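Inspection log for the structure reproduced underneath, given as structure tokens.
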Amino acid sequence: PTTWSTVHMSLLAARPHAGHNVLLHAGAGGVGLAAGEYVHWLCSQAMATVGKPYKHFYLNRMGLIGRTLSSRDGSAFAVGASKFLYCGRIRFTLNSLSADFIACSFALLREDGCLAEIGKRAVYSYERLLAASTANYVAIALDSTIDQTPVWVRRTLQVLSARAAASVLHGLPLQTFEMERGILAAFRSLQAGHNTGKVVVRIPCTSAESAHGMHLLSGGTGGLGL
């Protein structure tokens, strides 16, 4: 639900229509794959950035044949996107990359385009954007949205649940790790960009036997405590 809710928020902010060009950065990640399915449903024209060759191959099999770009080299991304668009422009960009990719993404947007930012590192401030571009800029932070507008989030989850029940939305590929032995490998996989889809850390099943002694859990009513 976190992945789909993030995509839902970004698309509501941009409202791309059928035939619009859409750019999805980190297209083989969880949010990227969910956004790709949503964009296909809207009949928009998507292209995506990915890093490793097998991710290009994966997205080609998903229908983005000839529409994958580099997420490692900003110059290669700019040249590839320009060739793909010809004289066109992008209506919506879902961004999670930093540095040159942000500047290039803004340069490729239409005047009425929108860039939805879900990254946390080296992102643009609104003041910098006003000096650099006339496009719309929306920072997506689902954790803050949950705290500020819980009623809207509940309605969004109900909408997404109905779409999943109607097989409009589908599950994402998972790479799983065990909590006790694989937690470090899980974070290293994310850091290196090896994952396709979501990284999931599994908590082992508790023993049927009652534990001996007393255990103290601080913050028991919080998210982790519960």
Side-chain angles (χ1 to χ4, degrees), residues 1-50 55 58-59 61-64 67-68 71 90-97 105 113-120 123 136-177 179 186 189-190 193 195-203 221-226:
T2 302
T3 302
W4 285 106
S5 296
T6 299
V7 173
H8 188 78
M9 285 179 60
S10 64
L11 290 171
L12 278 180
R15 297 190 179 276
H17 298 160
H20 282 167
N21 288 314
V22 173
L23 171 61
L24 309 174
H25 284 299
V31 172
L33 290 174
E37 188 166 339
Y38 236 128
V39 167
H40 177 74
W41 180 47
L42 294 172
C43 297
S44 297
Q45 300 296 319
M47 57 182 175
T49 60
V50 285
K55 294 187 177 183
Y58 183 86
L59 290 186
R61 291 184 60 190
M62 297 294 291
L64 295 181
R67 290 182 283 169
T68 57
S71 65
I90 293 172
R91 176 62 175 77
F92 167 57
T93 295
L94 180 58
N95 182 61
S96 57
L97 304 182
S105 297
C114 177
L115 186 144
E117 178 64 78
I118 62 172
K120 304 296 183 184
V123 300
N136 296 317
Y137 178 60
V138 181
I140 303 295
L142 184 61
D143 51 350
S144 300
T145 304
I146 291 173
D147 291 335
Q148 296 168 7
T149 56
V151 175
W152 181 87
V153 172
R154 184 187 65 189
R155 290 200 301 264
T156 298
L157 291 175
Q158 290 172 343
V159 169
L160 295 176
S161 177
R163 289 176 179 173
S167 298
V168 175
L169 307 181
H170 303 91
L172 298 169
L174 304 178
Q175 185 178 2
T176 60
F177 297 86
M179 172 70 82
S189 178
L190 281 172
N195 62 296
T196 298
K198 298 187 69 174
V199 170
V200 175
V201 176
R202 293 188 181 276
I203 301 176
T221 59
L224 290 176
L226 292 173

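Keep in mind the model is a prediction, meaning the values are calculated, not measured.
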**OP:** Ignoring hydrogens and angles, tell me if any N or O in the side chain of Arg91 forms a donor-acceptor pair with the backbone of Gly19 under 3.5 Å.
**Re:**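 No, the answer is negative, given that no donor and acceptor are paired below the 3.5 Å cut-off.
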
Throw together a table of side-chain donor-acceptor distances under 3.5 angstrom for residues 37-44, partners on residues two or more places apart or in other chains.
from	atom 1	to	atom 2	distance (Å)
Glu37	OE2	His170	N	3.2
Glu37	OE2	His170	ND1	2.4
Tyr38	OH	His8	ND1	2.9
Tyr38	OH	Arg163	NH1	2.2
Ser44	OG	His17	O	2.7

Heavy-atom pair of closest approach, residues [X] and [Y]:
{"X": "Val199", "Y": "Ala186", "value": "CG1-CB, 3.9 Å"}
{"X": "Leu64", "Y": "Ala46", "value": "CD2-O, 3.5 Å"}
{"X": "Gly27", "Y": "Leu59", "value": "O-CD2, 3.8 Å"}
{"X": "Ala34", "Y": "Trp4", "value": "O-CZ3, 3.4 Å"}
{"X": "Gly30", "Y": "Leu172", "value": "O-CD1, 3.6 Å"}

Answer whether the closest heavy-atom distance between the side chains of [X] and [Y] falls below 4.5 Å.
{"X": "Lys55", "Y": "Thr68", "result": "no"}
{"X": "Leu160", "Y": "Pro1", "result": "no"}
{"X": "Pro16", "Y": "Leu11", "result": "yes"}
{"X": "Met179", "Y": "Val201", "result": "yes"}

In Å and rounded to the nearest 0.5 Å, what is the [atom1] to [atom2] distance from [X] to [Y]?
{"X": "Leu94", "Y": "Met9", "atom1": "CG", "atom2": "CE", "value": "11.5 Å"}
{"X": "Asn95", "Y": "Leu115", "atom1": "CG", "atom2": "CG", "value": "5.0 Å"}
{"X": "Thr3", "Y": "Leu33", "atom1": "OG1", "atom2": "CG", "value": "9.5 Å"}
{"X": "Lys198", "Y": "Thr176", "atom1": "NZ", "atom2": "OG1", "value": "13.0 Å"}

For residues 146-157, tabulate all N or O donor-acceptor pairs below 3.5 Å that involve a side-chain atom, not counting sequence neighbours.
from	atom 1	to	atom 2	distance (Å)
Thr149	OG1	Thr145	O	3.0
Thr156	OG1	Trp152	O	3.0

Subject >> Distance-only polar pair, side chains of Asn21 and Gln45, donor-acceptor under 3.5 Å >> reply: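 Asn21 vs Gln45: no donor-acceptor pair found between side chains.
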
Original post:
With a 3.5 Å cut-off and no angle check, do the side chains of Ser96 and His25 form a donor-acceptor pair?
Top reply: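 Result is no, nothing qualifies.
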
Subject >> Val7: which of Leu24, Thr2, Ile118, Val31 passes side chain to side chain contact (heavy atoms under 4.5 Å, CB included) >> reply: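 That would be Val31; it is the only one of Leu24, Thr2, Ile118, Val31 passing the side chain to side chain contact (heavy atoms under 4.5 Å, CB included) with Val7.
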
